[in-house]
Amino acid sequence: MTRYRIAVIPGDGVGPEVIREGVKVLRAAADAVGGVDLDFVEFPFGAEHYLMTKELIPEEALKELSRFDAIYLGALGDPRVPPGVLEQGILLRLRFYFDQYINLRPVKLYQGVPCPLVGKGPEHVNFYVVRENTEDFYVALGGRARGSSSAELDLLRSLYEAKFKLDIDVDRDEIAYQLGVISRRGAERVIRYAFELARRKGKRRVTSVDKANVLTHVYGLWREVFESVARDYPEIETEFAFVDAVSMWFVKNPEWYQVVVTPNMFGDIITDLGAMIQGGLGLAPGGNINPDGVSMFEPIHGSAPKHAGKNVANPIATILAGQMMLEELGEKRAADVVEEAVAAVLREGKVRTYDLGGKSSTSEVGDEVVRKIENK
Ligand code: IPM
Ligand code: MN
């Protein structure tokens, strides 16, 4: 019997409802394959806990989480808390603390799921986005400045005077700036992961998505690293694409893409687009992965406060995040059992939530996936 300790953070909004179905399905999959024992331990972090205690996620909790095999997260964000507080204080804190430098987001359209792209089906939408997860514009370096006394402002002002036509009045005009940072090592490790993933999954092409024509410093370095890593994988075809162009090509020719690797910010943006072409946010899972540490799995959708507590949210994204977790833990058979059950439920289309045009509840979808697992 292999035992895994999984930390569960249901979080806010629809988070607890979708996580409940995920846990239910993972338990059923573990029972079905045998030899796998999942021990789930719940943690309260999120809006409610923050409003009660003013605590986001304390250092001791992070230490405690580091003794788990993985983290299973619902969603974070609540209208009672200013935007960014919970997202930065909990979600990004976890990603950075555990150095989960890969954000793996499969874009896969399952049979039976309506696709908004005319003439495209499951054979056209099946690729991976590997999003860098710890650098770029997410490093939180920056500030705001006004008034003549600030050294930052003086520097920015002289840059403005030297390069641009706009005349900044230091007493009246405010400047805000934010730095994007890419390190050679940071780019190397995620790009290498993308090539290894391509090998493992039998994909033949890796696309680097960036904006090296404008943000020449950061993405110039990124491209250099991409080229050097690519040399170790001669059997894999490579290409560069700009992020604006890729936003068009994902819609026009999704079948072209196999593995896409991209810096943090663009990865954030293009995976919401990816989610739509795989049938919506209710179907899109993600893994925040540190191959040598504690990884965290979550749906890529948010907490959807307006649907909270109604038992209507689609739990499939969260269930598939659980499937990714099993795979990352090395339990491929259990992972396959989950995916096959989800695929069967989607293919039959009898039990589906409102976002897929159905009337079923969150828990009915979870129960149906469990039934499929048990009947195999
Ligand atoms: C995501 C989310 C987060 C991100 C937010 C909530 C901080 O949009 O996981 O894609 O930007 O990474
Ligand atoms: Mn996002």
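For ligands, and for the atoms within them, numbers begin at 1 and follow the listed sequence.
- Donor-acceptor pairing under 3.5 Å is recorded for the side chains of E135 and S183.
- Distances under 2.8 Å from the Mn ion (ligand 2) pick out the protein N/O/S atoms D268 OD1.
- Relative orientation of the H307 and Y354 rings is tilted, given thresholds of 30° and 60° on the angle between their planes.
- Closest non-hydrogen pair, A212 versus F242, comes out as N-CE2, 3.8 Å.
- A salt bridge does not link R371 with E348: none of the charged nitrogens is closer than 4.0 Å to a carboxylate oxygen.
- Under the 4.0 Å criterion applied to side-chain N and carboxylate O atoms, D336 and K332 are assigned as salt-bridge partners.
- Closer than 4.0 angstrom to ligand 1 lie heavy atoms from E87, L91, R95, R105, R131, Y138, D268.
- Checked by atom type, the side-chain pair D78/S303 shows no donor-acceptor distance below 3.5 Å.
- Looking at D99 and N290, their side chains never bring a donor and an acceptor atom within 3.5 Å of each other.
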query: Given E132 and T134, is the side chain to side chain donor-acceptor pair (under 3.5 Å) satisfied, shown in steps?
result: CA-CA 6 Å; E132 200 287 323; T134 56; 2.8 Å; yes
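- Using a 4.0 Å cut-off between charged nitrogen and carboxylate oxygen, D292 and R189 do not count as a salt-bridge pair.
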